[in-house]
Amino acid sequence: MKGTVFITGASSGFGRACARRYGEEGWRLVLSARRREPLEELQAEFGVDSVHIITLDVRDREAVAAAVASLPESFCQVELLVASAGLAQGLEPAQRADLDDWETMVDTNIKGLMYTVHALLPGMVARNRGHIVTMGSTAGTWPYPGGNCYGGTKAFVKKFAENLRSDLLGTRVRVTNIEPGMAETEFSLVRFKGDQERSAKVYQGTEPLTAPDIADIVWWVTSLPSHVNVNSMEVMSINQAWGPYAIHREERTG
Ligand code: NDP
Ligand code: 8X3
């Protein structure tokens with residue numbers, strides 16, 4: 001066995017692809033998400049000796065702490081955290097956004113990440129060995145209409161990851177924020193609350209990033225020699241780039 005990776009959001013998308021990638025590479029996997037069945041599928045694939053599954057809502061502070069504190073002995077020396085649990089809810093302009101959606105994004109993308117890092121980081125520092133990979137987004141740097149609170153949460157992820165690096169200077173614990181653009185996972189289906197047609201339109205006519213693309217990148221940044229810290233990695237599909245500044249023009253009289 002090569003090491004133990006703790007993955008949040010392992011039931012789908014980037015987290016699931018990372019689980020598969022690290023499983024194939026012979027790592028021990030601690031897989032967490034709210035949905036248990038996809039985690040059980042991965043456990044069946046890689047075996048009970050290699051996979052420990054935890055049904056976990058990262059918004060539950062006590063549950064996150066308890067899950068980490070009660071890891072079985074063979075899984076408790078976590079060397080790598082891939083913190084992929086996260087979501088967007090809605091694409092309405094801020095003035096029409098649902099406050100519950102905003103709260104869900106803050107609780108999951110910000111607080112859930114805080115709880116997970118807080119639970120796992122002391123062990124990494126004590127062992128003087130570890131790597132935290134956070135899942136940021138291009139939305140954490142580049143605004144777009146309707147991105148409002150989601151973009152805000154991903155800006156937190158970016159700055160949190162950078163500040164962790166400052167605190168961890170002098171240790172052998174690395175931190176990397178991956179910042180993907182448009183990637184086809186369950187992300188849009190969740191954002192549009194199960195609306196398949198609207199979700200499919202996001203990717204129509206493009207070749208978006210895939211979950212295995214991101215797993216390859218996570219694998220690469222974590223496989224570099226231990227003195228090399230990739231601070232952040234922004235990645236887009238070839239079909240995506242930035243637009244010009246938006247300018248609103250008005251008819252002026254007089
Ligand atoms: P998916 O919807 O496919 O996966 C999201 C994962 O997060 C699921 O496993 C889901 O599991 C888990 N999750 C959501 N809420 C919670 C919660 N409260 N507690 C525990 N787990 C939770 O989307 P992606 O794989 O695309 O997204 C992964 C991360 O990447 C997110 O942080 C997202 O913001 C980010 N990202 C996505 C991009 C994209 O275009 N796809 C681009 C840039 C960043 P479950 O529902 O079983 O709990
Ligand atoms: C997901 C990418 O552009 O939908 O973080 O915000 S985007």
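Counting starts at 1 for both ligands and their atoms, in listed order.
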Where the closest heavy atom to atom 2 (C) of ligand 2 is concerned, which of Gly151, Ser137, Ser188, Gly136 has it?
Ser137
Is it the side chain, the backbone, both or neither of Arg16 that has a heavy atom closer than 4.0 Å to ligand 1?
neither
Per-atom filter on ligand 1: closer than 4.0 angstrom to a heavy atom of Gly13 are 3 (O), 25 (O)
Among all protein heavy atoms, pick out the one at the shortest distance from atom 17 (C) of ligand 1; state its residue, atom name and that distance to 0.1 Å.
Arg34 NE, 3.5 Å
Whether Arg35 and Glu186 form a salt bridge (side-chain N of Lys/Arg under 4.0 Å from carboxylate O of Asp/Glu) is what I want to check.
yes
If you measure from each non-hydrogen atom of Lys154 to ligand 2, which part falls under 4.0 Å: side chain, backbone, both or neither?
neither
Under 4.0 Å from any heavy atom of Tyr150, which atoms of ligand 2 are there?
1 (C), 5 (O), 6 (O)
Here the atoms of ligand 2 under 4.0 Å from any heavy atom belonging to Arg191 are 4 (O)
I'd like to check which ligand 1 atoms, numbered from 1 as shown, lie under 4.0 Å from a non-hydrogen atom of Thr108.
15 (N), 16 (C), 18 (N)
Just which atoms of ligand 1 are under 4.0 Å from any heavy atom in Asp57?
17 (C), 18 (N), 19 (N)
Closest protein heavy atom to atom 22 (C) of ligand 1, given as residue, atom name and distance to 0.1 Å:
Ala85 CB, 3.8 Å
Got a salt bridge between Glu40 and Arg36, using NZ or NE/NH1/NH2 to carboxylate O under 4.0 Å?
yes
If you scan protein heavy atoms around atom 33 (C) of ligand 1, the nearest is Tyr150 OH, 3.6 Å
Measure from NZ or CZ of Arg191 to the centre of the six-membered ring of Tyr150 and say whether it is under 6.0 Å with the direction within 45° of the ring axis.
yes
Mind checking whether Leu56 has a heavy atom under 4.0 Å from ligand 1?
yes
With heavy atoms of Gly136 as the reference, note each atom of ligand 1 found under 4.0 Å away.
43 (C), 44 (C)
Which of the numbered atoms in ligand 2 are under 4.0 angstrom from any heavy atom belonging to Tyr144?
3 (O), 4 (O), 6 (O), 7 (S)
